[in-house]
Protein chains: 4
Amino acid sequence: MTRTPNPDRRRDRSRRATLAAALELCVERGYAAATVDAIAARAGVSKATIYRWWPAKSAILLEAVDEAAPIPETFPDTGDLAADLLAWLSGILGVFRDPHLGPAFTGLLAESQLDAHLAQQLRERLIDHRVAQLEERMTKARENGELAADADLEVALDVLHSPIYRRQALHYPLPDDTYLDRLISLVMRAIGPAHTD
Amino acid sequence: MTRTPNPDRRRDRSRRATLAAALELCVERGYAAATVDAIAARAGVSKATIYRWWPAKSAILLEAVDEAAPIPETFPDTGDLAADLLAWLSGILGVFRDPHLGPAFTGLLAESQLDAHLAQQLRERLIDHRVAQLEERMTKARENGELAADADLEVALDVLHSPIYRRQALHYPLPDDTYLDRLISLVMRAIGPAHTD
Amino acid sequence: MTRTPNPDRRRDRSRRATLAAALELCVERGYAAATVDAIAARAGVSKATIYRWWPAKSAILLEAVDEAAPIPETFPDTGDLAADLLAWLSGILGVFRDPHLGPAFTGLLAESQLDAHLAQQLRERLIDHRVAQLEERMTKARENGELAADADLEVALDVLHSPIYRRQALHYPLPDDTYLDRLISLVMRAIGPAHTD
Amino acid sequence: MTRTPNPDRRRDRSRRATLAAALELCVERGYAAATVDAIAARAGVSKATIYRWWPAKSAILLEAVDEAAPIPETFPDTGDLAADLLAWLSGILGVFRDPHLGPAFTGLLAESQLDAHLAQQLRERLIDHRVAQLEERMTKARENGELAADADLEVALDVLHSPIYRRQALHYPLPDDTYLDRLISLVMRAIGPAHTD
DNA sequence: TGTTAACCGAGACGGTACGTCTGGTCTTAGA
DNA sequence: TCTAAGACCAGACGTACCGTCTCGGTTAACA
């Protein structure tokens with residue numbers, strides 16, 4: 001009847017095996033085929049154990065992706081905002097394209113659309129703090145004069161990464177580097193420092 | 001037997017009842033609860049009939065949304081591009097927010113993320129031609145001098161509507177009119193005609 | 001709305017094609033696979049036509065078997081009762097074993113077990129009058145002194161042909177000629193004329 | 001996954017509830033209406049569980065009848081063969097007439113006719129060993145001089161119980177006690193000890 | 001020779017049972 | 001107490017067959 005199992009006694013082995021199996025199955029057979037039964041079987045872990053520690057399949061994948069996703073602890077600040085934006089957007093694209101993480105991540109995005117609670121988890125654990133880093137960098141840039149003083153950063157942020165999500169969601173080809181350059185260029189035209197001419 | 005039933009003989013009653021029931025169930029109980037069994041039961045139609053005409057639940061809803069979605073036959077061209085963009089974006093938002101269509105449409109978006117074929121159908125039947133109208137309007141605007149001669153329309157288009165999809169997908173609040181104004185303003189700053197001042 | 005179709009206007013072609021198709025399907029794929037849809041398709045006849053003239057699949061096959069079954073118009077009376085019984089029992093066995101009729105007939109027997117009305121039809125159209133012929137022959141034999149005066153003909157009749165049905169029903173091997181001889185011999189011992197020796 | 005589930009882990013509750021529900025539905029609504037869905041619903045058991053343990057509806061009922069059928073462990077041997085035969089035949093008739101078992105048993109008999117494998121199961125689990133008891137009794141009787149030394153026991157056995165099956169199969173009235181007396185009397189005349197007169 | 005009523009082939013339809021599948025819960029025995 | 005194994009309930013899935021129905025087209029007797 002333990003509602004909150006004692007995490008200290010938890011076998012780390014089963015936790016890691018579960019997360020690994022979940023990711024692998026997403027890679028090999030797709031998000032839909034990564035059923036809890038299949039994950040348990042591959043991990044050599046019982047379903048009961050899985051459900052003791054995670055409330056649903058999506059929670060497993062969320063944790064797996066969270067743990068495996070590269071966390072750029074500090075946002076790059078080379079002094080060249082455009083270059084930094086490109087690095088940041090490339091990093092996001094990298095997660096979508098990552099052969100190990102991509103299928104799981106996009107699966108989570110899909111399920112989030114039908115599950116507000118999962119969406120919240122996803123935002124909090126995978127997305128918001130990354131966006132916050134970007135926001136910080138841009139705020140600094142605005143203060144530095146790298147951006148116009150009246151630059152609408154909230155909209156600019158949305159505009160920068162939303163196309164990736166939309167293209168993924170609708171199976172349009174994901175942006176390539178050229179596209180990212182054009183995107184950044186457009187945004188910089190809009191919120192860059194006022195023309196000197 | 002007959003793999004491809006004869007559409008001429010189709011009962012219109014059952015077709016309309018099925019589409020209506022599918023939309024209603026999405027509204028009342030959500031996309032996930034709109035099972036084929038439930039749709040058949042509510043429509044007073046047999047499952048065999050449904051599967052005769054649609055390969056899956058998503059196909060029913062795609063057709064239902066397609067048929068019920070307001071089709072702005074001609075893109076508004078008031079001469080004021082910013083106003084036209086606002087109208088267009090509001091129209092898209094309207095579909096997401098439509099109490100009758102929204103649940104079904106967002107459910108389709110979610111499922112598309114896991115199903116490339118459905119995504120293609122969705123793009124072709126619901127999205128691409130609407131975007132094409134906007135593209136046409138913007139191309140004309142660029143020729144008219146309403147936009148900069150070197151305006152990157154492809155990126156601008158993406159940038160204009162992608163935030164709506166991303167916000168919906170992650171259950172962020174959908175944009176309001178103020179947001180749309182700021183978005184359009186940002187884009188116009190980037191691709192609007194060169195300043196004369 | 002014709003409740004009782006006019007038999008005069010009936011197309012003989014569709015009737016014969018239906019009966020033939022039904023029997024063939026029983027032979028080729030078994031009674032269960034001889035669905036009304038399959039019969040209609042093979043006969044080149046519409047299901048509506050079939051249901052206009054027959055209330056159910058079993059009725060089709062009943063008619064088909066009835067028409068195709070060899071009807072020994074007169075019971076053989078060679079003067080040798082044992083020989084006549086053997087001929088009669090062989091005739092019954094012949095229907096079970098007939099490659100053309102057997103599957104349909106045994107299918108009807110099976111379905112009769114679950115459907116009292118069909119059982120009645122089967123008895124009336126295929127069985128009772130054949131048994132009545134035997135009964136008549138035996139009654140005559142009793143009068144002739146070929147049988148004991150107190151011979152229990154009703155039980156003797158039952159005993160003579162019931163083993164065939166039971167063996168068929170439970171997929172025991174059907175009786176062979178030796179068995180029939182022994183069976184007749186046993187019955188004749190019981191109801192034959194009193195020993196003179 | 002597990003093709004052959006581990007019977008040790010089986011929940012006895014669901015097994016018994018399933019068997020009971022199957023029999024009850026046969027009694028209340030007939031063999032045909034005892035669908036797997038209905039059995040599952042009444043038993044409070046999921047269809048998956050049923051199909052894990054039984055391959056088909058008939059297997060459920062076979063097991064249910066087998067378990068519920070009274071098994072006369074030892075064939076009665078009162079010294080009076082005719083009386084013993086009557087008891088044995090009455091026992092068989094009892095199963096057909098049993099308000100609890102009859103519908104299920106006759107349903108199984110019907111289905112056996114179309115399904116050789118089921119017929120084999122039915123013979124092995126419900127019929128053959130009962131018949132073997134009778135055969136043993138009669139063999140002993142022949143050795144004792146209760147029967148003629150040359151009595152054809154195989155045919156006699158067939159003859160004794162086949163009429164019950166045939167009458168049931170074709171919905172003739174089942175034999176009553178008088179009939180059984182006459183039947184036994186006929187058989188005893190045929191294979192009883194030689195006349196002394 | 002044209003009308004017309006019934007039959008006919010084709011097959012869509014509502015209904016219902018099937019047997020399979022997955023998600024999430026519960027039980028058992030062992031460590 | 002936690003674990004592995006896996007049985008369990010719930011219920012959606014897509015298929016098959018049933019018997020009814022609707023649609024035009026075709027006969028064939030009557031006008």
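Naming: A, B, ... by sequence-line order, numbering from 1 per chain.
- When distances run from any side-chain atom of B:Thr35 to the nucleotides F:dC13, E:dC13, F:dT3, the shortest one goes to F:dC13.
- For B:Glu28, the salt bridge (charged side-chain N to carboxylate O under 4.0 Å, His left out) test picks out B:Arg42, with sequence neighbours left out.
- Applying the 3.5 Å distance criterion, the base of E:dA10 shares a donor-acceptor pair with the side chain of B:Arg9.
- Of the candidates E:dC13, F:dC9, E:dG14, the closest approach to any side-chain atom of D:Val45 belongs to F:dC9.
- Picking from E:dC13, E:dG9, F:dC8 the nucleotide with the shortest atom distance to the side chain of C:Arg13 gives E:dG9.
- Comparing E:dT22, F:dT22, F:dA4 against the side chain of D:Ala48 picks out E:dT22 as the nearest.
- For the side-chain contact (heavy atoms from CB on, under 4.5 Å) with B:Thr18, the lone residue among B:Val45, B:Leu23, B:Val36, B:Thr49 that qualifies is B:Val45.
- Each of E:dT20, F:dC17, E:dG11 was ranked by its minimum atom distance to the side chain of C:Asp37; first place goes to F:dC17.
- Comparing F:dT20, E:dG24, E:dG14 by their nearest atom to the side chain of C:Tyr51 picks out F:dT20.
- For B:Lys47 and E:dG14, a side-chain-to-base donor-acceptor distance below 3.5 Å is absent, hydrogens and geometry of angles not being considered.
- Of the residues in residues 14-34 of chain C, those with a non-hydrogen atom less than 4.0 angstrom from any atom of DNA chain E are C:Ser14.
- Between D:Ile50 and B:Ala38, the one whose closest nucleotide on DNA chain F sits nearer the 5' end is D:Ile50.
- For C:Val36, the listed nucleotide lying nearest its side chain is F:dG19; candidates were E:dC13, F:dT22, F:dG19.
- Distance from the side chain of A:Ala56 is smallest to E:dG24 among E:dG9, F:dG19, E:dG24.
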